[in-house]
Amino acid sequence: MRRRRLLTAGLTAAVTAGLGTAGITRAAAAALDPTLPPGGNFDLAIWQLQLPTGSPGSPDTVSPARLKGASGYTNPAYFWTDKNDGSMTFWAPEKGVTTPNSNYARSELREMNRDGSAADWTLSGDHTLSAQLRVVSVTKNVAVGQVKLGTGGTSTKPLLELYYRADGDIHLGTEDSPAGGQTLHRVGNVALGVKWTYTLNVSGNTAALTVNGVRTTYTIPSSFNPYRQYFKAGSYNQSSSESTTNGAKVKFYSLTVQHG
């Protein structure tokens, strides 16, 4: 059994050795077909896509039914398959339509259930989001994975938010309480354009992040116990301006969700 350290307020990380997912994700990446839309290479039957287009405060979304399969949705500006390597590519400009609770545009997947309803799971059980990806352009900072608060209260904060910065630093943001306040933990550095892996796991009141085989654990405060959660992944740009050419482009080579 891995040793875990209980953490004080502020969610200080305890770093432990862990097994990476590189072997699994490399195999998945090798099977990607550059001629197919993202839904032909990835299981998008459990995801809804949010785009940086639409009307103010009401971004366009694409349902799992439209995303999944070899004839699934693609968008040459914001969500497409790279014709060179088959990666699922997300582009989020600095200027775009945002949700009412955010100032930043995104091209990002939101976890759904296979029956088409919104995923909304409790902290109990074991919940894992795994990915292999690379960030090929970013102005300042981009969120590439999240555990987001769902029903159970009024807060719309992310419980966990994984950031990649322009200097290659990777940070995990952990929410201090449903009322707000995010603590940042530097968890690694990967050069722009280089592939890396992450695994986000929630099991009870313990969260674990593994980046390129290095595992960190965090205690989730009991104030989050009433809330349910769901995963997000893609390019959630963390800067805004009037530019439609500056932004964050993120390529995924594998993306899987497991619940147990």
Side-chain angles (χ1 to χ4, degrees), residues 11 13 15 20-22 25 29 38 49-53 59 75-82 84-85 87-99 101-109 129-148 157-175 181-200 209-216 218 231-255:
L11 302 177
V15 181
T21 58
T25 52
L49 175 67
Q50 180 183 318
L51 295 167
T53 59
N75 184 309
Y78 304 111
F79 177 76
W80 70 94
T81 296
D82 187 295
N84 295 311
D85 61 13
S87 61
M88 177 167 54
T89 306
F90 300 81
W91 163 251
E94 292 199 326
K95 182 179 181 180
V97 175
T98 71
T99 58
N101 296 315
S102 175
N103 296 319
Y104 305 132
R106 69 186 87 191
S107 175
E108 187 181 39
L109 297 172
L129 172 69
S130 299
Q132 185 189 46
L133 70 159
R134 65 186 179 106
V135 180
V136 295
S137 66
V138 58
T139 309
K140 296 179 181 178
N141 190 19
V142 59
V144 297
Q146 296 188 64
V147 176
K148 194 77 162 50
K157 302 291 185 180
L159 178 65
L160 305 170
E161 200 162 11
L162 185 61
Y163 301 108
Y164 180 93
R165 294 185 174 179
D167 61 2
D169 278 352
I170 302 168
H171 289 80
L172 181 67
T174 55
E175 203 68 15
Q182 189 179 73
T183 299
L184 290 176
H185 315 268
R186 185 181 180 276
V187 293
N189 182 280
V190 176
L192 191 71
V194 173
K195 289 180 183 178
W196 53 287
T197 63
Y198 74 73
T199 298
L200 274 170
L209 169 68
T210 303
V211 173
N212 284 345
V214 178
R215 186 172 183 267
T216 53
Y218 310 84
F231 289 122
K232 303 192 82 174
S235 175
Y236 179 21
N237 194 13
Q238 298 293 295
S239 58
S240 63
S241 73
E242 291 302 304
S243 174
T244 57
T245 56
N246 292 333
K249 183 184 292 184
V250 183
K251 296 178 177 293
F252 280 76
Y253 296 86
S254 70
L255 182 66

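Side chains are part of it too, since the values below use all heavy atoms of this structure and drop only hydrogens, waters and symmetry mates.
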Looking only at heavy atoms, the pair that brings L49 and L51 closest together is CD2-CD2, 3.7 Å
The test is side chain to side chain contact (heavy atoms under 4.5 Å, CB included); show your working for I170 and Y198 and say whether it passes. CA-CA 10 Å; I170 302 168; Y198 74 73; over 6 Å; no
If you round to the nearest 0.5 Å, how far is CG of N103 from CG of N237? 12.0 Å
Closest heavy-atom pair, A105 versus P52, reported as atoms and distance to 0.1 Å, is CB-CB, 3.8 Å
Nearest heavy atoms of L255 and A131, plus distance in Å: CD1-CB, 4.0 Å
Close side-chain approach of H185 to T183, heavy-atom, < 4.5 Å: yes
Would you tell me whether E94 and S239 have side-chain atoms, one donor and one acceptor, within less than 3.5 Å of each other? yes
Look up atom CG in N75 and atom CZ in F90, then write down how far apart they are to the nearest 0.5 Å. 11.5 Å
Any side-chain heavy atom of K251 within less than 4.5 Å of one from D82? yes
Is there side-chain contact between H171 and N141, with at least one heavy-atom pair below 4.5 Å? no
Give, for atom CD of Q50 and atom NZ of K232, the distance between the pair rounded to the nearest 0.5 Å. 5.5 Å
Residue pair S241 / K95: nearest heavy atoms and the distance that separates them: O-CB, 3.4 Å
Is K157 atom NZ crowded by more than 12 heavy atoms from other residues, nucleotides or ligands, each under 6.0 Å away? no
Is it the case that the side chain of S87 and the backbone of T89 share a donor-acceptor pair, with hydrogens and angles ignored and the cut-off at 3.5 Å? no
Measuring from Y104:OH to K140:NZ, what's the distance to the nearest 0.5 Å? 8.0 Å
Heavy-atom closest contact (G145 atom, L200 atom, distance): C-CD1, 4.2 Å
Heavy-atom pair with the smallest gap, counting every atom of V144 and F252: O-CZ, 3.6 Å
For residues T174 and L160, determine if any side-chain heavy atom of one lies less than 4.5 Å from a side-chain heavy atom of the other. yes
Is any side-chain heavy atom of L133 closer than 4.5 Å to one of Y164? no
From L209 CG over to T216 OG1, what is the distance, rounded to the nearest 0.5 angstrom? 4.5 Å
Without swapping roles, check the side chain of T139 against the backbone of G247 for a donor-acceptor pair under 3.5 Å. yes
For the atom pair CD (E108) and OG (S235), what is the distance rounded to the nearest 0.5 Å? 8.5 Å
Determine whether a donor-acceptor pair (N or O, by modelled atom type, separation under 3.5 Å) exists between the side chain of N212 and the backbone of T197. yes
With a 4.5 Å cut-off on side-chain heavy atoms, are L109 and F231 touching? no
Can any side-chain N or O of S254 pair as donor or acceptor with the backbone N or O of Q132 at less than 3.5 Å? yes
Using a 4.5 Å cut-off on heavy atoms from C-beta on, say whether the side chain of V190 contacts that of R134. no
Are any of the side-chain nitrogens in D85 or K195 under 4.0 Å away from the carboxylate oxygens of its partner? no
Would you say that L172 contacts Y218 through its side chain, given a criterion of any heavy-atom pair below 4.5 Å between the two side chains? yes
Please check: side-chain N/O of Q238 versus main-chain N/O of Y236, any donor-acceptor pairing under 3.5 Å? yes
